[in-house]
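Sequence positions, counted from 1, serve as the residue numbers for this chain. Values in this document were obtained by computation on a predicted structure and should not be read as measured data. One-based numbering, in listed order, for ligands and for the atoms of each.
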Amino acid sequence: MTDQLPTNIPRRILALRAIFSTNRAYRQFEERFRYLLERRRAEIAAGVIAEARCVALIGASGSGKTTAVRHLITTQTDLISNDPETGRMDVASLSVPTPATLKFVGQTTLAALGFPLRREKTAQTIWDMVKDHLAARRTLFLHYDEAQDLSRHQTPKELNSVVTTLKSLMQHPVWPVGLILTGTEELKTIVNHDAQLARRVYPVEFPRLNPLLDTDRVIHLLSHYTERAGMSVGDDVATTEFAARLIHAADREFGLLIELAISALEEAMRAEAEKPEVIHFTHMFRKRAGCIDGLNPFVAGDFERIDCRRLLDRGGET
Ligand SMILES: Nc1ncnc2c1ncn2[C@@H]1O[C@H](COP(=O)(O)OP(=O)(O)OP(=O)(O)O)[C@@H](O)[C@H]1O
Ligand SMILES: [Mg+2]
């Protein structure tokens with residue numbers, strides 16, 4: 001079959017990466033977003049100005065936060081992402097820049113709205129411009145990814161001013177804007193730092209996978225990806241024990257687990273195997289982490305003691 005030729009591997013991998021696997025946290029996140037979106041639209045239609053709200057999506061690195069927001073924004077068919085005629089941008093999305101000073105965050109937000117600054121301005125002026133442009137573009141939601149960075153390398157005074165500014169966006173008297181914040185555990189510290197902000201935030205957490213309770217789900221996920229890769233499911237990777245190893249290898253993070261599974265399927269494709277086997281996962285992990293078999297969760301007997309996150313992070317650096 002021409003589809004199975006090794007030259008088609010990049011295309012097949014791309015197709016696997018394009019699959020979005022949903023989960024309970026994502027559904028909760030989407031539901032909340034839809035609720036706030038419809039509420040805001042109803043208010044606009046009725047000419048009512050009410051405070052907007054914030055959804056905070058919290059999860060460890062590799063849990064799938066960035067992917068979740070990208071999927072949400074691109075799949076809501078009633079959202080206008082950037083209309084060239086009217087300039088309408090229902091959701092503006094950006095990563096918190098470093099350093100996350102009030103001025104730099106404002107400047108980066110302005111650029112995301114399509115207005116890069118050409119001249120030096122004060123933080124106050126920049127944020128006034130941000131608010132004007134949010135109204136001009138009819139922006140309903142502003143998304144900050146890596147929102148935990150808002151508190152990194154930050155003086156308490158700077159953090160206060162950033163938090164106050166975020167609140168002022170939601171409380172704007174003419175064009176209130178909802179917030180979506182995505183970030184790691186530290187994001188909770190920022191949210192809880194200010195009671196007024198905390199009251200306006202709806203948190204959604206990406207829970208870590210559980211090696212005892214989530215094995216069936218992982219086996220199912222793996223067979224789904226295997227079938228979509230045009231292969232049949234191997235018996236030795238469809239076991240509870242193997243699923244527990246894969247969960248551990250991914251440091252219990254949903255997104256990372258999918259990423260590792262796709263890399264292992266790529267190994268199997270390159271080996272021209274009919275089905276993915278443990279050896280393909282072993283090779284994949286060895287390549288990514290650059291570690292000996294004693295530290296490879298797909299080989300080692302007592303795999304639970306291995307710090308896979310540290311191995312993968314270190315491997316990624318080289
Ligand atoms: N729902 C999903 N379906 C399929 N793949 C996913 C899903 N969520 C995440 N992934 C995959 O997992 C990997 C990590 O996801 P992502 O970058 O979104 O994580 P993150 O939580 O934003 O991590 P970080 O905090 O490091 O930025 C990516 O390769 C992504 O393609
Ligand atoms: Mg991310």
Test side chain to side chain contact (heavy atoms under 4.5 Å, CB included) applied to Val201 and Leu181, step by step: CA-CA 9 Å; Val201 175; Leu181 302 178; 5.6 Å; no

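- In this structure, the side chains of Pro211 and His248 stay at 4.5 Å or more apart for every pair of heavy atoms.
- Near Tyr225, meaning under 4.0 Å from any of its heavy atoms, are these atoms of ligand 1: 4 (C).
- Remark: distances from the non-hydrogen atoms of Phe206 to ligand 1 are all 4.0 Å or more.
- Atom numbering of ligand 1 starts at 1 in the shown order; those under 4.0 Å from a heavy atom of Ser61 are 23 (O), 24 (P), 25 (O), 26 (O).
- Contact annotation: for Glu259 versus ligand 1, heavy atoms closer than 4.0 Å belong to the side chain alone.
- At the shortest separation from atom 3 (N) of ligand 1 among protein heavy atoms lies Ser21 N, 2.9 Å.
- Around atom 10 (N) of ligand 1, the closest heavy atom drawn from Ser63, Ala25, Gly255, Gly183 belongs to Gly255.
- Aromatic ring centres of Phe33 and Phe141 lie closer together than 6.0 Å.
- Distances between N or O atoms of Phe20 and those of ligand 1 include no value under 3.5 Å.
- Inside a sphere of radius 2.8 Å centred on the Mg ion (ligand 2), the protein N/O/S atoms present are Thr66 OG1.
- Atoms of ligand 1 lying under 4.0 Å from at least one heavy atom of Thr66, given by number and element, are 18 (O), 22 (O), 27 (O).
- Those atoms of ligand 1 with a heavy atom of Ile19 less than 4.0 angstrom away are 3 (N), 4 (C).
- Less than 4.0 angstrom separates some heavy atom of Glu146 from each of these atoms of ligand 1: 27 (O).
- Ion pairing between a basic and an acidic side chain is recognised when a charged N comes within 4.0 Å of a carboxylate O; Lys275 and Asp235 show no such pairing.
- Tested against Arg270 for a salt bridge (Lys or Arg N to Asp or Glu O under 4.0 Å), the candidates Glu272, Glu267, Glu266 yield a single pass: Glu266.
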Phe298 and Met284: CA distance, side-chain angles, deciding distance, side chain to side chain contact (heavy atoms under 4.5 Å, CB included) verdict: CA-CA 10 Å; Phe298 297 105; Met284 172 279 297; 4.0 Å; yes

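- For ligand 1, the atoms sitting less than 4.0 Å from at least one non-hydrogen atom of Ala60 are 21 (O), numbered in the order shown with element in parentheses.
- No more than 12 heavy atoms of other residues, nucleotides or ligands sit less than 6.0 Å from atom NE2 of His220.
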Just list the side-chain donor-acceptor pairs under 3.5 Å for residues 91-100, sequence neighbours left out, or say none.
residue, atom, partner, partner atom, Å
Ser93, OG, His143, ND1, 2.8

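- For the residue pair Asn296 and Thr282, no side-chain donor N or O sits within less than 3.5 Å of a side-chain acceptor on the partner.
- Ranking protein heavy atoms by distance to atom 19 (O) of ligand 1, first place goes to Gly64 N, 3.3 Å.
- Where the criterion is an N or O separation shorter than 3.5 Å, residue side chain and backbone included, Lys65 meets it with respect to ligand 1.
- Glu30 and Gln76 form a side-chain donor-acceptor contact under 3.5 Å, judged by distance and modelled atom types alone.
- With a 4.0 Å heavy-atom cut-off, ligand 1 is reached by the side chain of Phe254 but not by its N, CA, C or O.
- Here the side chains of Thr184 and Lys65 are in contact, with some heavy-atom distance below 4.5 Å.
- Within a 6.0 Å radius of CD in Glu274, no more than 12 heavy atoms belonging to other residues, nucleotides or ligands are found.
- Comparing Ile262, Leu260, Thr67 by heavy-atom distance to atom 7 (C) of ligand 1, the nearest is Thr67.
- Nearest protein neighbour of atom 23 (O) of ligand 1, counting heavy atoms only, is Gly62 N, 2.9 Å.
- Atom CD of Glu51 is surrounded by more than 12 heavy atoms from other residues, nucleotides or ligands within 6.0 Å.
- Under the 4.5 Å side-chain criterion, counting only non-hydrogen atoms from C-beta, Leu113 is in contact with Leu134.
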